[in-house]
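Written out below as structure tokens is the structure these notes cover.
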Amino acid sequence: MTAKILDGAALAQELRAEFKLRAEALAAQGARPGLAVILVGEDPASQVYVRNKVNACAQAGFHSEKIVLPADATAEALLAKIAALNADPAIHGILVQLPLHKHIDADAVLEAISPEKDVDGFHAENIGALTQGNPRFIPCTPHGVMKLLEKGEVSLQGKEAVIIGRSNIVGKPMALLLLAAGATVTICHSKTADLGFHTRRADILVAAIGKPRFVSGDMIKPGAVVIDVGINRVPEGQPDAGKLCGDVDFASAKEVASAITPVPGGVGPMTIAMLLANTLLAAERVAARQG
Ligand code: GUN
């Protein structure tokens, strides 16, 4: 079997064209959507992600601001910046690129973002709303995965979904969304005993662990749908060293799965598209309130 490709790049492009039209409609009312992205330090991967987010805003006709603080910036400086953006009517969404340096309390930073502008959906209030089934903003990566599953007409009700990874950014919200869609959900992680036992039971397998090509074909149930959230570099000494790869060994997995997301071109572009979706939603809510 060779799996169907779930093409995130194509779906993201489709969605972004639609978002552009909605942004133009808002701009015509004097309410152009605006996103502020804050980067602390010079982590090269974070720099790339932030640049991609800002470029996506420009292409969709959104206003955006990139704020770069030095690696040794204090928590107070970061919180002061967030307070100013919370009060700025041109900004509808605020994103602080994670991970933050250990000297800054990331939870306190995320709590400082106005829940109405929390387009990542990481504020405790928004996580609570998601858990209760009334999300205000759905975290971008798992939201993008759900859109890809929907587009691929993957039925979820009554299915076994297994997620590898328990992060606040992907694993936990992914579990909540799959649960809400009627799947039976298992979250595996680095301490899980006999990971393969769980993964081989999965009708839907989501890999979000940050280990290059970790999930091989023999860990996958024949006919499963495989979602690869990883963005890694192929380690030295392996074929294609230095290139981008996912957490799934695509070559062996595609022979077993019925559908699979590629890396690049799968979940990554969907994450950015959903960030635009959340920013647009935030701006449309403000515009609706202002009549
Ligand atoms: N770092 C990796 N993924 C994300 C994300 O979705 N949002 C933020 N803010 N930081 C990240």
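Heavy atoms only: backbone and side chains are in, while hydrogens, waters and symmetry mates are out. Indexing begins at 1, ligand by ligand and atom by atom, following the structure's order.
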Summary of ring-ring contact (aromatic ring centres under 6.0 Å, His included) pairs that have at least one residue in residues 115-162, sequence neighbours excluded: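 Applying ring-ring contact (aromatic ring centres under 6.0 Å, His included) to every pair that reaches into residues 115-162, excluding sequence neighbours, yields nothing.
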Which residues share a ring-ring contact (aromatic ring centres under 6.0 Å, His included) with H189, sequence neighbours left out: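 Result, ring-ring contact (aromatic ring centres under 6.0 Å, His included) vs H189: none returned.
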NZ/NE/NH1/NH2 to OD/OE distance under 4.0 Å, R32 and E24: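 No, no charged N to carboxylate O under 4.0 Å.
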L100, I38, V40 screened by side chain to side chain contact (heavy atoms under 4.5 Å, CB included) with V109, the one that passes: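 Passing option: L100.
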Ligand 1: protein residues within heavy-atom distance under 4.0 Å: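 Ligand 1 pocket, heavy atoms under 4.0 Å: L95, V96, Q97, L98, D120, F122, I169.
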Would you tabulate the side-chain donor-acceptor contacts of residues 162-180 under 3.5 Å, counting partners in other chains and residues two or more places apart, or write 'none'?
from, atom 1, to, atom 2, distance (Å)
S167, OG, I169, N, 3.4
S167, OG, V170, N, 2.9
S167, OG, G171, N, 3.4
N168, OD1, K172, NZ, 2.9

Check: F250 main-chain N/O paired with D228 side-chain donor or acceptor under 3.5 Å: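 It does not hold such a pair.
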